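All residue numbers in this chain count up from 1 along the given sequence. Keep in mind that the numbers below use all heavy atoms, side chains included, and drop hydrogens, waters and symmetry copies. Please read these numbers as outputs of a predicted model, since none were measured by experiment.
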Amino acid sequence: MCLMAVALCIARKEKKMTDEEILFFCFRYFLGRKTIYVSIFVEELLKRWETLSLRNQGMIKREIKQAIKYNRAGMSCDVQEWEKILKEK
């Protein structure tokens with residue numbers, strides 16, 4: 001995770017990526033992980049949910065549903081966290 005975080009910080013600093021892109025790429029990184037950081041990320045994602053485009057909100061929800069359906073969303077505690085996003089409007 002450290003290398004990804006560093007790469008994202010560099011990309012942001014160099015204005016190569018928007019905050020929304022970084023958030024979306026982090027989502028892709030965390031979906032399926034089995035770590036306490038999933039809950040921390042979900043909390044941050046929910047704080048920024050309204051700043052995401054409807055397109056990205058929809059993509060995130062679809063990917064979460066698919067990961068849950070195919071048992072690829074992490075452990076049950078991780079799934080509970082991801083389900084918080086599915087409840088968002």
Scanning both residues in full, the closest heavy-atom pair of Ala73 with Ile68 reads CB-CG1, 3.8 Å

Name all residues meeting the side-chain hydrogen bond (donor to acceptor under 3.5 Å, both in side chains) criterion together with Arg33; count only those two or more places apart in sequence or in a different chain, and write none if there are none. none

Measure the shortest side-chain to side-chain distance between Val38 and Phe41 over non-hydrogen atoms and say whether it is less than 4.5 angstrom. no

What residues form a side-chain contact (heavy atoms from CB on, under 4.5 Å) with Lys47, not counting sequence neighbours? Glu43, Glu44

Can you tell me how far the NZ atom of Lys69 sits from the CD atom of Gln66, to the nearest 0.5 Å? 7.5 Å

Output all residues satisfying salt bridge (charged side-chain N to carboxylate O under 4.0 Å, His left out) with Lys65, sequence neighbours left out; order by chain, then residue number. none

Enumerate the ring pair (Phe, Tyr, Trp, His ring centres under 6.0 Å) contacts for residues 63-89, please, sequence neighbours excluded, ordered by first and then second residue. Phe27-Trp82

side-chain contact (heavy atoms from CB on, under 4.5 Å) partners of Lys34, counting only residues at least two apart: Met75, Asp78

To the nearest 0.5 Å, tell me how far Leu45 CG sits from Glu81 CD. 11.5 Å

Would you give me the side-chain donor-acceptor pairs under 3.5 Å for residues 49-61, sequence neighbours excluded?
{"residue": "Trp49", "atom": "NE1", "partner": "Lys89", "partner atom": "O", "Å": "3.3"}
{"residue": "Thr51", "atom": "OG1", "partner": "Arg48", "partner atom": "O", "Å": "2.6"}
{"residue": "Ser53", "atom": "OG", "partner": "Glu20", "partner atom": "OE2", "Å": "3.0"}
{"residue": "Ser53", "atom": "OG", "partner": "Asn56", "partner atom": "N", "Å": "3.1"}
{"residue": "Asn56", "atom": "ND2", "partner": "Glu20", "partner atom": "OE2", "Å": "2.7"}
{"residue": "Gln57", "atom": "NE2", "partner": "Trp49", "partner atom": "O", "Å": "2.8"}
{"residue": "Gln57", "atom": "NE2", "partner": "Leu52", "partner atom": "O", "Å": "3.4"}
{"residue": "Lys61", "atom": "NZ", "partner": "Glu88", "partner atom": "O", "Å": "2.2"}

